[in-house]
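Order of the sequence lines sets the chain letters (A, B, ...), proteins ahead of strands, with each chain counted from 1.
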Amino acid sequence: GAGVSQSPSNKVTEKGKDVELRCDPISGHTALYWYRQRLGQGLEFLIYFQGNSAPDKSGLPSDRFSAERTGESVSTLTIQRTQQEDSAVYLCASSLDGAGGATDTQYFGPGTRLTVL
Amino acid sequence: AQKITQTQPGMFVQEKEAVTLDCTYDTSDPSYGLFWYKQPSSGEMIFLIYQGSYDQQNATEGRYSLNFQKARKSANLVISASQLGDSAMYFCAMREPYGNNRLAFGKGNQVVVIP
């Protein structure tokens with residue numbers, strides 16, 4: 001079946017502009033996650049959605065970052081007034097139910113590479 | 001505080017040989033999950049293997065096995081019979097139940113398989 005998809009695959013923007021990144025999770029997965037990966041680094045957690053529960057926004061680095069999710073489907077990550085330090089790959093993942101069991105593995109999309117000039 | 005530690009420098013491995021990638025973790029919770037992901041140069045994160053903290057046996061998935069030493073808080077990945085396509089970054093990650101299912105990642109191990 002289809003995996004996690006993300007768009008765009010690459011985004012180049014000028015400092016100060018807003019950007020929107022999109023994630024389509026695996027069908028039937030109720031949990032969705034956003035991570036950021038800076039060059040040569042591991043992944044940093046940003047935000048987590050699970051069903052209709054309030055999202056866990058504790059990883060968002062500043063109030064310029066926000067994310068929404070429509071029901072149990074598409075999510076968008078918005079970065080306002082982009083800065084050069086926002087340049088990174090933004091990865092989305094989804095899992096079955098967020099219950100944390102053995103089968104609740106996170107599967108990742110291909111990522112969006114964001115470059116802020 | 002860093003929860004996942006991967007400190008090995010980049011590794012060169014001969015094709016068909018085995019390679020072990022080190023991972024140590026830090027948690028005070030008795031219930032947690034450990035994951036390994038592969039990230040080739042194309043950038044996607046590919047799930048390899050999972051080990052639960054209460055699992056009695058070490059996890060295995062094809063050529064991948066996890067050497068889980070709970071008392072030492074280590075979860076080393078063993079790749080047997082290396083193939084050229086195994087060249088990639090490998091990330092160890094931990095899921096803690098009170099962390100809202102988020103994964104905490106290490107900085108990764110670079111592996112290059114040479115013919």
Side-chain angles (χ1 to χ4, degrees), chain A residues 3-6 8-10 23 25-26 29-51 53-60 67 88-115, chain B residues 2-10 21 23 25 27 29-57 59 61 64 66 68 88-110:
Chain A
V4 178
S5 60
Q6 292 186 245
S9 55
N10 281 285
C23 171
I26 293 171
H29 280 193
T30 64
L32 186 148
Y33 316 76
W34 284 97
Y35 294 86
R36 177 172 71 178
Q37 186 178 28
R38 289 195 164 119
L39 189 64
Q41 301 296 314
L43 279 66
E44 305 169 72
F45 167 79
L46 296 177
I47 188 168
Y48 161 63
F49 295 91
Q50 169 50 39
S53 301
D56 174 5
K57 303 179 182 180
S58 60
L60 295 178
V89 176
Y90 290 82
L91 289 147
C92 175
S94 70
S95 70
L96 190 61
D97 56 14
T103 56
D104 197 32
T105 295
Q106 293 180 30
Y107 294 93
F108 284 81
T112 294
R113 182 175 298 277
L114 175 66
T115 303
Chain B
Q2 189 172 359
K3 295 188 175 182
I4 298 288
T5 303
Q6 296 178 262
T7 57
Q8 287 167 303
L21 305 180
C23 171
Y25 58 91
T27 181
D29 201 290
S31 177
Y32 52 88
L34 297 160
F35 298 79
W36 278 90
Y37 286 85
K38 170 185 177 181
Q39 188 176 45
S41 57
S42 53
E44 72 268 33
M45 294 287 285
I46 302 167
F47 166 70
L48 297 178
I49 196 167
Y50 166 82
Q51 179 85 45
S53 60
Y54 292 121
D55 292 345
Q56 294 297 312
Q57 297 195 341
E61 288 286 348
Y64 305 106
L66 204 152
F68 182 45
M89 284 289 288
Y90 289 82
F91 290 94
C92 179
M94 179 172 65
R95 179 183 63 204
E96 294 175 299
Y98 57 80
N100 263 346
N101 219 26
R102 72 180 71 175
L103 293 176
F105 283 83
K107 293 189 176 181
N109 298 102
Q110 178 74 54

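- Of the listed residues Met89(B), Gln51(B), Met45(B), the one with more heavy-atom pairs under 4.5 angstrom with chain A than any other is Met45(B).
- Highest contact tally toward chain A, considering only Glu44(B), Gln110(B), Gln39(B), is held by Gln39(B) [criterion: heavy-atom pairs under 4.5 Å].
- Across every non-hydrogen atom of Gln41(A) and Lys107(B), the tightest pair is OE1-CE, 3.8 Å.
- With Tyr35(A) contributing its side chain and Leu103(B) its backbone, the two residues share a donor-acceptor pair below 3.5 Å.
- Using a 4.5 Å cut-off between heavy atoms, Ser95(A) touches chain B through its side chain atoms alone.
- Looking at Glu44(A), neither its backbone nor its side chain comes within 4.5 Å of chain B, counting heavy atoms on both sides.
- Panel note: side chain Arg95(B), backbone Asp104(A); a donor-acceptor pair is recorded below 3.5 Å.
- Nearest heavy-atom pair, Gln37(A) versus Phe91(B), reported as atom, atom and distance to 0.1 Å: NE2-CZ, 3.5 Å.
- Taking 4.5 Å as the limit, every side-chain heavy atom of Asn101(B) sits out of range of all side-chain heavy atoms of Phe45(A).
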